Amino acid sequence: MSLTILGIETSCDETAAAVVRDGKLLSSLVAGQEIHSRYGGVVPELASRAHQSAIIPVTDAALKEAGIRVADLDGVAYTRGPGLLGALMVGASFAKGLALATQIPLIPVHHMQAHILAHFIDAPVPAFPFICLTVSGGHTQIVRVNDYFRMEILGQTIDDAAGEAYDKAAKMLGLPYPGGPQIDALASQGDPGTFRFADPSVPGLDFSFSGLKTSILYTIRDAVKKEPDFIAAHLPDLCASVQHTINNILLKRVAKACMETGIREVALAGGVSANSGLRTMMQTAAKEHGWNLYIPPLSYCTDNAAMIAMTGYLAVQRGGVGSLDDSPQARMEFIELQV
Ligand code: KG4
Ligand code: ZN
């Protein structure tokens with residue numbers, strides 16, 4: 001029996017819709033929100049309003065591109081969380097309205113789980129169990145993925161996320177939001193060994209980025225006192241050094257997780273996995289350690305609805321369908337990450 005799922009993503013500042021039929025992606029559209037760049041970060045109220053304007057045209061365009069009518073849908077998957085509450089509510093309310101009107105199942109999706117399951121959109125797919133480094137603007141986790149919906153968090157950040165570290169460092173360097181891609185672009189022209197920043201030691205497989213942030217701040221503050229034009233004069237080297245430090249912290253934990261678990265299937269997920277330095281560093285490490293490395297295409301690294309539709313499809317295929325009630329008690333057990 002054919003199974004067609006619409007995916008809706010509105011957790012932060014991208015309004016996205018996608019259609020998956022029988023495990024194949026038919027369409028995936030993302031509308032970004034330019035407005036936040038002038039504020040140096042996402043403004044939640046503006047994000048919610050932008051989602052309100054975009055949600056219907058984006059969904060309509062995704063259905064048209066897929067050649068699908070609303071009546072052809074067998075389920076609607078949406079990002080239940082984590083994310084900005086007002087932004088999530090736009091997607092959740094829209095999905096619920098659609099499910100109620102068409103009487104199709106509603107499938108609440110865990111955003112971070114969807115980032116990981118983006119690996120199942122296209123071949124080659126990782127074999128279970130695999131270690132996934134999940135790095136976004138709000139999360140930094142080392143996850144042991146035992147099966148599609150059986151995931152175990154082995155380590156995570158105790159303060160800032162890696163994406164946040166990129167964005168905050170960029171802000172200190174006077175670069176616009178989102179800072180990660182800006183640092184990435186400038187780093188390619190710089191020398192990563194120019195500046196040394198703190199790599200706070202955290203036990204186990206956890207991460208910490210707040211000390212690094214302070215270290216960057218103090219380096220800039222002290223240098224500007226002596227050389228007022230310091231940032232402009234050394235921007236590519238500063239970006240390359242920041243990027244190298246953050247990525248090195250990430251790589252060290254992945255290597256430790258692989259050593260401790262004996263797993264050699266390694267995947268990257270989330271917005272920061274778009275970073276070209278991280279991708280190269282992981283590829284070099286994979287060769288050295290004999291890992292099979294899986295890095296999603298750029299469009300599935302940052303927020304998108306293809307990953308939500310695919311997670312919804314996998315959930316329904318495995319016998320779990322949602323209901324219009326998405327209270328914590330009513331959520332499907334296998335949708336939850338085991339912490
Ligand atoms: O997964 P994502 O799109 O949204 C969240 O769920 O948070 O991740 C967004 C984060 C931002 O912090 C952004 O700066 C970072 O991913 N990012 C990057 C790059 N592209 C996006 N960080 C470093 N290098 C990049 N090329
Ligand atoms: Zn995300």
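In what follows, every heavy atom counts, from backbone to side chain, and hydrogens, waters and symmetry copies are set aside. Just so you know, ligand 1 is whichever comes first in the structure, and atom 1 is the first atom listed for that ligand. Treat the numbers as computed from the prediction; the structure is a model and nothing was measured.
Residue Leu268 is not grouped with residue Tyr294 when hydrophobic side chains (ILVMFWY) are merged at heavy-atom distances under 4.5 angstrom, including chains of intermediate members.
Between the side chains of Asn275 and Asn247, at least one donor-acceptor pair of N or O atoms lies under 3.5 Å. Judged by distance alone, the side chains of Asp184 and Ser276 do bring a donor and an acceptor atom under 3.5 Å apart. Between Glu9 and Thr79, the side chains place a donor N or O and an acceptor N or O closer than 3.5 Å (distance only, hydrogens not considered).
Ligand 1 lies less than 4.0 angstrom from a heavy atom belonging to His115.
Taking distance alone, with nitrogen or oxygen atoms compared against 3.5 Å, His111 approaches ligand 1 more closely than that limit. Between Gly271 and ligand 1, at least one pair of N/O atoms sits closer than 3.5 Å. Residue contacts with ligand 1: Tyr166 is placed with no nitrogen or oxygen under 3.5 Å of a nitrogen or oxygen of the ligand (distance criterion only). Checked against a 3.5 angstrom limit, the closest N/O atoms of Glu164 and ligand 1 fall outside it. In terms of N/O distances under 3.5 Å, ligand 1 is approached by Gly137.
In this structure, SG in Cys132 is found 4.5 Å from CD1 in Ile116, a value given to the nearest 0.5 Å. Here the CG atom belonging to Leu26 is positioned 11.5 Å from the CD1 atom belonging to Ile5, to the nearest 0.5 angstrom.
Note: His234 and Phe230 have tilted aromatic rings, judged against thresholds of 30 and 60 degrees for the angle between ring planes.
In this structure, atom 4 (O) of ligand 1 lies nearest to the protein heavy atom Asp303 OD2, 3.0 Å. Nearest to atom 22 (N) of ligand 1 among the protein's heavy atoms is Gly180 CA, 3.3 Å. Annotation: atom 24 (N) of ligand 1 to nearest protein heavy atom, Asn275 ND2, 3.0 Å. If you check which protein heavy atom lies closest to atom 26 (N) of ligand 1, you get Asp184 OD2, 2.9 Å.
Using a 4.5 Å heavy-atom threshold, the side chains of Phe149 and Gln113 count as touching.
Those atoms of ligand 1 with a heavy atom of Asp167 less than 4.0 angstrom away are 11 (C), 12 (O), 13 (C), 14 (O). Listed by atom number, the atoms of ligand 1 under 4.0 Å from Gly163 heavy atoms are 12 (O). Ligand-side atoms of ligand 1 in range of Gly138: 7 (O), range being under 4.0 angstrom from any heavy atom.
The cationic group of Arg253 lies under 6.0 Å from the six-membered ring centre of Phe207 and within 45° of the ring axis, placing it in a cation-pi geometry.
When distances to the Zn ion (ligand 2) are checked against a cut-off of 2.8 Å, His139 contributes no N, O or S atom below that limit. Among the backbone and side-chain atoms of His111, an N/O/S atom is found under 2.8 Å from the Zn ion (ligand 2).
For Asp303, the N, O or S atom closest to the Zn ion (ligand 2) goes by the atom name OD1.
Nearest-residue assignment for atom 15 (C) of ligand 1 (options Leu278, Leu84, Leu298, Val272; heavy-atom criterion): Val272.
Screening Tyr300, Tyr313, Phe128 for a ring-ring contact (aromatic ring centres under 6.0 Å, His included) with Phe120, the sole residue that qualifies is Phe128.
Nearest heavy atom pair, residue Cys258 against residue Ile131, reads SG-CG1, 4.4 Å.
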